[in-house]
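Comments concern the structure below.
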Amino acid sequence: MITNFVFLSLLSYACVVLNAAFGPRTFSIDYSHDCFLKDGMPFQYISGSVHYFRIPRVYWKDRLLKMYMSGLNAVQVYVPWNFHETEQGVYNFAGDRDLEHFLYLANETGLFVILRPGPYICAEWEMGGLPAWLLQKPSIMVRTADPDYLQAVNDWLAVLLPKVKPWLYSNGGNILSVQVENEYGSYFACDYNYMRHLRALFRYFLGDDTVLFTTDGNTNREMTCGTLQGLYATIDFGTDTNASVAFDRQRRFEPRGPLVNSEFYTGWLDHWGEKHAHVDTEKVSSMLGEMLSMGANVNMYMFEGGTNFGYWNGADCDTRYRSVVTSYDYNAPLSEAGDPTDKLLAIREVIKKFRDVPLGPMPPAMPKFAYGFVTMKKVSPTNLLYLSCFQYYGYMLYRTKLPRMVPDPTPLISPLNGIHDRAYISINGVYQGFLERDTQLVMNVTGQEGDQMDILVENMGRVNFGSKINDFKARLNYSHLQILYTQASGLVSNLILGRDVLTDWQIYSLDIDGTIASGWPHSEVAQHHPGTISKSSDGPTFYMGTLEARGFAWDTFLKLKGWTKGQVWINGVNLGRYWPQRGPQQTLYVPGPLLSSSQPNNITVLELEGAPVDTRILFLDRPQLDSITKRS
Ligand SMILES: CCCC/N=C1\SC[C@@H]2[C@H](O)[C@H](O)[C@@H](O)CN12
């Protein structure tokens with residue numbers, strides 16, 4: 001005799017299964033059983049962070065497939081606001097910025113998505129993903145209920161969230177949950193009205209059934225200021241933390257519901273001049289197993305890091321300004337170039353204990369090739385486009401005349417630490433040296449009254465974490481020119497030469513990227529010095545060369561041995577910054593798809609301080625990310 005209880009239990013289970021098979025798609029939180037439910041069935045996500053904005057579009061599928069074959073069932077994805085709205089009101093979701101295509105590929109690969117649209121994302125990305133044009137209002141308080149900031153957020157999310165809504169799981173897509181803000185509890189403001197505003201916006205655009213959550217660090221202050229009723233509170237921590245202790249803290253804010261570590265650090269970031277980060281594989285794999293055994297949902301940050309191409313790296317500014325390097329390798333399970341590592345294989349072995357890992361081989365690393373040496377020749381800048389309007393990233397040129405003769409070495413001082421972030425000083429075209437934010441605030445110059453002083457100022461990336469995120473790159477009002485506060489880089493306070501405050505500046509926004517993208521200097525017979533071996537060249541100087549990749553264009557790594565610091569473009573694409581003199585990064589990743597196997601590949605280098613006498617550069621088949629040559 002089947003008791004009523006057994007009958008009803010079987011009936012309810014049958015309903016759940018049938019609902020899962022034929023009912024509406026749902027993803028929700030089961031507070032009774034402390035888990036997520038997908039279509040009414042318990043669901044544990046094992047996820048990895050991947051940033052589409054740090055990977056060439058042609059490689060997205062490769063990275064996602066490797067993550068799937070590693071045993072993940074989800075990927076966690078930030079959306080950087082400034083990547084899609086670099087100019088206010090101008091939106092770009094094309095090519096390498098095609099978020100929906102990335103979501104499509106993840107779906108096609110069988111991966112769910114945990115979306116983190118910010119509006120602030122941190123991520124060692126320029127200004128934590130916030131657009132620099134917000135700083136046109138000098139007093140703006142970003143990440144608060146500042147009305148001007150909120151208006152910009154409203155406008156942005158009114159574009160973004162309708163785009164992602166169709167991709168929600170309940171609408172037939174693969175987005176399971178959406179994070180609101182990012183580690184807000186670590187920000188000084190602790191502005192609940194701001195978080196309430198975001199909650200209302202996300203609910204308005206994404207509906208009441210979407211799982212919205214927050215992520216915060218493992219302290220009471222962070223979990224207190226970063227969480228809000230109606231947003232599921234999750235936590236983040238790495239291998240230096242006791243998982244039970246951390247999850248107990250989550251439980252203080254979410255007594256019931258799934259345990260979630262939204263950022264389990266598999267590695268860490270690098271700053272210029274510091275040792276390459278490394279997190280032990282055994283610690284990562286054993287702690288992953290421990291958390292999965294607790295039934296926790298885990299996202300590994302990062303699973304595939306990628307590259308800060310162009311000027312997109314961020315910076316920290318706790319004790320002093322520290323710029324993040326171009327490589328976002330992160331010592332992650334997939335390398336910067338998307339190569340599976342021992343860490344990935346160890347993680348896959350752990351995941352096998354908790355879910356079926358797809359059968360079949362792990363897709364191999366993309367082929368790499370050592371193309372060898374390319375000789376670079378000095379170029380005289382002939383027609384750099386000077387923009388009257390200011391751009392937000394890259395370089396600015398400040399020009400003035402010496403107010404009096406300084407026959408003896410005379411200190412040029414940035415008394416208020418106003419260089420943002422590095423300045424290269426020349427007198428009548430002769431390089432004198434550099435000044436650097438927080439690090440070098442004085443240097444000596446000599447010259448005659450009326451000599452031309454040129455100061456090239458480099459924006460090394462706006463601060464992406466903490467209270468100094470209002471990282472103005474210029475604030476100086478000149479007699480004849482009101483400086484926009486958001487220009488690429490520059491002087492945020494006056495310079496003093498000896499006893500004289502320097503004034504009457506001419507200011508140029510250098511559109512170097514636009515000029516190079518237009519073909520300069522390769523498109524014309526650029527003036528470069530006669531074929532003699534050039535002496536070691538000092539100061540901001542362009543060099544050009546060509547790489548023949550006859551027959552095949554494979555991934556490669558560019559090493560500038562003996563060069564000091566600068567920027568590299570290949571076929572008009574800005575690969576990012578190099579600084580081998582500081583390290584630890586010694587090579588730049590060159591994705592094969594950027595190269596042509598049938599045409600010469602145009603290489604342009606802007607060396608900011610000094611090139612070696614031997615101006616060859618070297619293409620290797622492996623990266624070098626961990627060698628410090630000089631402490632900063
Ligand atoms: C001690 C400082 C903690 C700041 N948070 C960091 S540093 C690396 C990571 C990424 O930036 C990530 O985007 C942050 O959410 C958490 N985190």
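From a predicted model like this one, the values you see are computed outputs, not experimental measurements. Both ligands and their constituent atoms are indexed starting at 1 by order of listing. Computed over heavy atoms, backbone and side chain alike; hydrogens, waters and symmetry mates excluded.
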Side-chain H-bond candidate by donor/acceptor type, N218 with E222, under 3.5 Å: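 No, no side-chain donor-acceptor pair sits under 3.5 Å.
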
What residues, two or more places apart in sequence or in another chain, satisfy side chain to side chain donor-acceptor pair (under 3.5 Å) together with D626?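 Here no residue qualifies.
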
Taking [atom] as the reference point, the nearest protein heavy atom with its distance:
atom: atom 5 (N) of ligand 1; answer: E183 OE1, 3.1 Å
atom: atom 17 (N) of ligand 1; answer: Y265 OH, 3.7 Å
atom: atom 13 (O) of ligand 1; answer: Y78 OH, 2.7 Å

So that I can tick it off, tell me whether [Y] and [X] are bridged by a salt bridge, with the cut-off set at under 4.0 angstrom between side-chain N and carboxylate O.
X: K565; Y: E436; result: no
X: E263; Y: R116; result: yes
X: K473; Y: D421; result: yes
X: K66; Y: D62; result: yes

Return a yes/no value for [X]: is any of its N or O atoms, backbone included, closer than 3.5 angstrom to an N or O of ligand 1?
X: N182; answer: yes
X: E124; answer: yes
X: L269; answer: no
X: W268; answer: no
X: E263; answer: yes
X: F465; answer: no

Give the numbers and elements of all ligand 1 atoms closer than 4.0 Å to a heavy atom of I121.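 Near I121, the atoms of ligand 1 are 13 (O).
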
Expected output: side-chain Q179 to main-chain E181 donor-acceptor under 3.5 Å: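 Judged by distance alone, yes, a pair lies under 3.5 Å.
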
Between ligand 1 and Y330, can you find any atom pair, the residue atom being a heavy atom, that is separated by under 4.0 Å?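 So Y330 counts as touching ligand 1.
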
Would you say F202 and L157 make side-chain contact, with heavy atoms under 4.5 Å?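 Yes - at least one pair of side-chain heavy atoms lies under 4.5 Å apart.
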
